[in-house]
Asks: 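Right, I'll just put the structure down here and ask away after.
If you're wondering where the values come from, they're calculated on a predicted model, not measured in any experiment. Order of listing sets the numbers, starting from 1, for every ligand and every atom in it.
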Amino acid sequence: MAFCVYVLLLWFAGAAFKSTLAAPRTFEIDYKNNCFRKDGDPFRYISGSIHYSRIPRVYWKDRLLKMYMAGLNAIQTYVPWNYHEPVPNQYIFSGDRDLEYFLQLANDIGFLVVLRPGPYICAEWDMGGLPAWLLNKTDIVLRSSDPDYIRAVDNWMGNLLPKIKPFLYQNGGPIITVQVENEYGSYFACDYNYLRHLTQLFRHHLGNEVVLFTTDGASVGFLKCGSLQDLYATVDFGPGGNVTAAFAAQRYAEPHGPLVNSEFYTGWLDHWGEHHSVVSASIVAKSLNEILEAGASVNLYMFIGGTNFGYWNGANTPYAPQPTSYDYDAPLTEAGDLTGKYFAIRHVIQQYKSIPEGPVPPSTPKYAYGAVKMNKLKTLSEALDTVSFSGPVKTIYPLTFTDINQHFGYVLYRTKLPMNCSTPTPLSSPLNGVRDRAYVSVDGVAAGVLERDKYITINITGTAGSQLDVLVENMGRVNYGKGINDFKGLTSNLTLNSKVLTDWLVYSLSIDEAVSQGLLTGSQTEEMWSTLVTPLSAPAFYSGTFSIPNGIPDLPQDTYIEFPGWTKGQVWMNGFNLGRYWPKRGPQLTLYVPAHVLSTDAPNNVTLLELESDPCSSGSCTVQFTAIPVINSTVAHTTAHAFHSVLQYYSFVDLNMPLEIGFHIR
Ligand SMILES: *[C@@H]1O[C@H](CO)[C@@H](O)[C@H](O)[C@H]1NC(C)=O
Ligand SMILES: *[C@@H]1O[C@H](CO)[C@@H](O)[C@H](O)[C@H]1NC(C)=O
Ligand SMILES: *[C@@H]1O[C@H](CO)[C@@H](O)[C@H](O)[C@H]1NC(C)=O
Ligand SMILES: *[C@@H]1O[C@H](CO)[C@@H](O)[C@H](O)[C@H]1NC(C)=O
Ligand SMILES: *[C@@H]1O[C@H](CO)[C@@H](O)[C@H](O)[C@H]1NC(C)=O
Ligand SMILES: *[C@@H]1O[C@H](CO)[C@@H](O)[C@H](O)[C@H]1NC(C)=O
Ligand SMILES: *[C@@H]1O[C@H](CO)[C@@H](O)[C@H](O)[C@H]1NC(C)=O
């Protein structure tokens, strides 16, 4: 059924595309009548956010169709720079990163597009979408006129914007408006020359006709540094507040023109160790109704949140990384399923415009493949020859990820204990320089965990000359505020009994490549593992296989992977990095596994890198594939003892406002 609807839509969209040859297409701001004008007629958009970078390409069409059937006439998406230019001057615009295909699909389904190409996007995305390689200049001032930053931006936009240009509404495509920067008024730099430079850059590549806009929190304070002449100022705010007052803030910057809420929050983001955010459908519906009643254009952020696959999640400060799921309590779930909120929103939209005829595409089916037995392969230290392609760099003091040109994942720091530690001896990061979590072992035996902003000291024992391994995890770069220059690894010295540790070997790790190339294999000494019963185990790889059952129609289907008894780590399915799991902290217990990463032709390979502690000695050593997601478990609270003095160095200005306040800064 969904397919028939789609074919019809395509036909209509195609017809519309051709008729454009006759009359010129225009999209403008009418300051006199406080509205947009599309082809001369008054127009307002009702849009939803969907980030193509958080949804597998095979599902783009399904999600867009569901959005279309909710009555939206536009979609909004961010373009994450670091997703497309992972290495300077190397661009990826194919597969899941095929922005042009995504825009074409949106157009073909019948959508207009509100594009947010950054360069900074926030978005709870690693470093707010800025490439970590920018930190190669260690004192770079990001989001400012810093010449090295500007050079990189010019280069990127010189590649991106020419691809965008044919998709502008004026040129026959779906893009009606283009955002410049994002919530710039919330950033300390307040550099008007930077915004002016971006404006000229966008105009140079996109022409003078396209409507360029900015988005800021709905208060005069944010709009001050966020808005600029020639950029139409819009605001963002969530449900439950005073809509009139919020738009009054926009009127401060734009006395005339359409009212626009560029981010109306349908839900809210999560952090590991905090409760799952839930925003009631009725509050969302009520405020949406008020916004539409005011005649405003609106974008629902998010309409579908999707997933932070791999290492793409960001973090807030004091350091709080976001989990793998970006469900956002949005009207479509992480997996694209319909919710009560979807229908509540659809019902509100229906009061203001016609909704497309036909059935709403159903939620995709999920399948519980059951338990899969996991086998321990090797500890990371044992697998070092396999996962460190380049071998170690020798250095007196620790190097950062940027120093060794690795941007994501894990790096191993190795040295020898310079003294006998026969009694518990403090191993410490006195300047809070573990970015972000360090798994410490002595002679291969787990000794403890250090964590940024939480645990800066552990006690270890060992003899002089023992091997000290410190595996440091980058848990996601800060995406908001002053802290976005977020260097990873050991960014300051470790001390042992207050003496600086020196003479390190720093191993860049290519774990994703090793996993996807099937290089990790079992160890000869497998039986020995079960004899070591400790609360912690050294970081290690585990694998298991399962086959898709025969004789059941329409398999493979989507599923969720659950980690009974496991603690924290990274998981791959047939080499595809599904993301981080951390059931010990919560609130997310299951990770979304889209069907397209599963195979019916060969046994499916699950690989875990468990960082802290496996359940295998207790007899159960399995992962579980279930049909029901759990992203709202209660959370284990972590207390930061003896840490308050260090926290004083931090600016608390960057804290997200609590949900109840109504106007969110993101
Ligand atoms: C970082 O800078 C060094 C020189 O300062 C250069 O050799 C290296 O290629 C740069 N790396 C990146 C990723 O730009
Ligand atoms: C909402 O804000 C407007 C403008 O500031 C004010 O006049 C109105 O009384 C407020 N409404 C409520 C319910 O507080
Ligand atoms: C460590 O202790 C051993 C005896 O347990 C001793 O032989 C050795 O000299 C000590 N090393 C250092 C560096 O103190
Ligand atoms: C380390 O050991 C000392 C002495 O046993 C103890 O006082 C201290 O609390 C321990 N520190 C940590 C972080 O466990
Ligand atoms: C480590 O300590 C040494 C000596 O005090 C200092 O020169 C160096 O800059 C420090 N390194 C880092 C990464 O903090
Ligand atoms: C799983 O790994 C095995 C052994 O490397 C390989 O033969 C098989 O093709 C893999 N399965 C998939 C679905 O890639
Ligand atoms: C989690 O969500 C499910 C489904 O909405 C609900 O039934 C359950 O009560 C929630 N659990 C918690 C702890 O909030």
Asks: Ring of Phe408, cation from Arg477 - is the NZ or CZ under 6.0 Å from the centre and inside 45° of the axis?
Replies: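 Yes, a cation-pi geometry holds between Arg477 and Phe408.
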Asks: Heavy-atom contacts with Ala245 under 4.0 Å: which atoms of ligand 2 show up? List them by number with element.
Replies: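 This gives 2 (O), 5 (O) as the contact atoms.
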Asks: In terms of ring plane angle, is the pair Tyr311 and Tyr410 parallel, tilted or perpendicular, where the classes change at 30° and 60°?
Replies: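 Tyr311 vs Tyr410 ring planes: perpendicular.
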Asks: Could you go through the salt bridge (charged side-chain N to carboxylate O under 4.0 Å, His left out) check for Arg57 and Asp96 one step at a time?
Replies: CA-CA 5 Å; Arg57 175 190 173 115; Asp96 285 344; over 6 Å; no
Asks: Kindly indicate whether atom 1 (C) of ligand 6 is approached by any protein heavy atom to under 4.0 angstrom.
Replies: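 Yes, because at least one protein heavy atom sits under 4.0 Å from atom 1 (C) of ligand 6.
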Asks: Is Asn605 in polar range of ligand 6, meaning some N or O pair under 3.5 Å apart?
Replies: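 N/O-N/O distance below 3.5 Å exists for this pair.
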Asks: Does any N or O atom in Asn493 lie less than 3.5 angstrom from one in ligand 5, N or O only?
Replies: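 By distance alone, the answer is yes.
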Asks: As a test of the contact definition, would atom 5 (O) of ligand 6 count as having a protein heavy-atom neighbour under 4.0 Å?
Replies: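 Within 4.0 Å of atom 5 (O) of ligand 6, no protein heavy atoms are found.
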Asks: Please determine if Asn242 has a nitrogen or oxygen closer than 3.5 Å to a nitrogen or oxygen of ligand 2.
Replies: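 Yes, there is a polar N/O contact under 3.5 Å.
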Asks: Keeping the roles fixed (side chain from Asn289, backbone from Val348), state whether a donor-acceptor pair exists under 3.5 Å.
Replies: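 Here the side-chain-to-backbone pair does not exist.
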Asks: Counting both backbone and side chain atoms, is some N or O of Pro603 under 3.5 Å from an N or O of ligand 6?
Replies: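 N/O-N/O distance under 3.5 Å: yes.
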Asks: Check whether any side-chain heavy atom of Tyr592 lies under 4.5 Å from a side-chain heavy atom of Phe309, and answer yes or no.
Replies: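 A side-chain contact exists here, since the closest heavy-atom pair is under 4.5 Å.
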Asks: For atom 9 (O) of ligand 2, state whether the nearest protein heavy atom is under 4.0 Å away.
Replies: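 Protein heavy atom within 4.0 Å of atom 9 (O) of ligand 2: absent.
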Asks: Counting only heavy atoms, tell me which of Gly433, Ser492, Gly489 gets closest to atom 14 (O) of ligand 5.
Replies: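 That would be Ser492.
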Asks: With a 4.0 Å cut-off, would you call Asp486 and Arg452 a salt bridge?
Replies: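 The answer is yes: the pair qualifies as a salt bridge.
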Asks: Using a strict 4.0 Å cut-off to heavy atoms of Asn574, name the atoms of ligand 6 that fall inside it.
Replies: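 Answer, ordered by atom number: 11 (N), 12 (C), 13 (C), 14 (O).
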Asks: Does atom NZ of Lys224 have more than 12 heavy-atom neighbours from other groups under 6.0 Å away?
Replies: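 Open: at most 12 neighbouring heavy atoms sit under 6.0 Å from NZ of Lys224.
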Asks: With no hydrogens and no angle check, is any side-chain donor or acceptor of Gln570 less than 3.5 Å from a backbone partner on Gly310?
Replies: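 Yes, Gln570 side chain to Gly310 backbone: donor-acceptor pair under 3.5 Å.
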Asks: What protein heavy atom sits nearest atom 7 (O) of ligand 5, and how far away is it?
Replies: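 Among all protein heavy atoms, the one nearest atom 7 (O) of ligand 5 is Tyr397 CE1, 4.0 Å.
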Asks: Output the list of atoms in ligand 6 that are nearer than 4.0 Å to some heavy atom of Ala602, sorted by atom number.
Replies: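 Selected atoms, number and element: 9 (O), 11 (N).
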